[in-house]
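Below you'll find the structure, written out as structure tokens, and then a few comments.
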Amino acid sequence: MDTEEEITPQELKSGLKKIRLRRWFLWILIIAYLPMMMMAMQTQQAGQTVITAFIIWVLLLIVAVALMALVRCPQCGNCFHMNGFLFRPVRKCFSCKLPLNADKKKT
Ligand SMILES: [Zn+2]
């Protein structure tokens with residue numbers, strides 16, 4: 001009966017914080033790719049290290065995307081970045097259009 005129940009600002013804040021954290025994890029991972037490869041190429045067995053580093057990076061990327069895809073909107077309970085089977089990391093909820101920085105705006 002209470003599916004449309006109002007959520008508290010605290011719930012909204014912690015929910016959005018979680019989404020932002022997971023987004024950061026993905027961006028940091030993408031940014032870290034280049035310096036990581038540069039470091040791998042400096043090592044003695046560069047070829048092997050580069051491959052190992054790349055495999056680890058891809059696995060982490062899959063985890064990061066999965067975490068992001070599964071994170072739920074604190075307002076409507078649907079997946080924040082998913083529109084059906086489409087994964088789109090935009091700054092707004094697909095179902096209820098809740099902006100990612102909704103808790104930072106003063107009402
Ligand atoms: Zn939503």
Side-chain angles (χ1 to χ4, degrees):
M1 284 292 157
D2 292 316
T3 44
E4 295 289 310
E5 204 181 329
E6 286 284 306
I7 55 154
T8 64
Q10 282 81 14
E11 281 175 320
L12 187 76
K13 200 175 176 169
S14 66
L16 288 171
K17 210 173 151 187
K18 198 161 90 176
I19 297 168
R20 282 197 295 263
L21 208 77
R22 293 188 184 191
R23 290 172 64 96
W24 268 110
F25 180 50
L26 183 70
W27 300 137
I28 288 166
L29 203 65
I30 291 165
I31 294 161
Y33 180 78
L34 218 62
M36 193 188 80
M37 281 302 161
M38 306 262 257
M39 276 199 285
M41 277 187 257
Q42 309 274 300
T43 56
Q44 296 223 309
Q45 288 172 304
Q48 214 178 347
T49 315
V50 167
I51 291 164
T52 311
F54 181 73
I55 290 166
I56 292 166
W57 184 81
V58 167
L59 289 174
L60 281 171
L61 192 72
I62 292 165
V63 171
V65 170
L67 281 173
M68 238 175 110
L70 293 172
V71 77
R72 295 205 172 255
C73 169
Q75 189 165 266
C76 65
N78 291 305
C79 290
F80 197 84
H81 296 109
M82 297 294 283
N83 182 19
F85 289 103
L86 281 176
F87 173 69
R88 284 192 275 175
V90 293
R91 298 179 62 86
K92 227 193 268 178
C93 172
F94 270 109
S95 310
C96 66
K97 307 281 177 254
L98 178 75
L100 195 62
N101 57 357
D103 56 334
K104 284 181 178 170
K105 266 188 270 171
K106 288 188 184 92
T107 44

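All values below were derived from every heavy atom in this structure, side-chain atoms included, with hydrogens, water molecules and symmetry-related copies excluded. Whatever order the structure lists them in is the order used to number ligands and atoms, beginning at 1. Keep in mind the model is a prediction, meaning the values are calculated, not measured.
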Problem - Separation of M82 CE from C73 SG (nearest 0.5 Å) - result: 14.5 Å
Exercise for the section: Find out whether N78 and C96 are in side-chain contact, i.e. whether some heavy atom of one side chain is under 4.5 Å from a heavy atom of the other. Expected result: no
Exercise for the section: Say whether W24 and L26 are linked into one hydrophobic cluster, either directly or through other cluster members, by side-chain heavy-atom distances under 4.5 angstrom. Expected result: no
Handout entry: hydrophobic_cluster_shared for Y33 and L60, side chain cutoff 4.5 Å
Key = yes
Practice task
Drop me the distance from L100's CG to K17's NZ, to the nearest 0.5 angstrom.
Solution key: 13.5 Å
Fill in the blank from the handout: Listed as residue and atom, the protein N/O/S atoms under 2.8 Å from the Zn ion (ligand 1) are C73 SG, C76 SG, C93 SG, C96 SG
Practice task
Check whether any side-chain N or O of R23 sits under 3.5 Å from a backbone N or O of V90 as a donor-acceptor pair, and report yes or no.
Solution key: yes
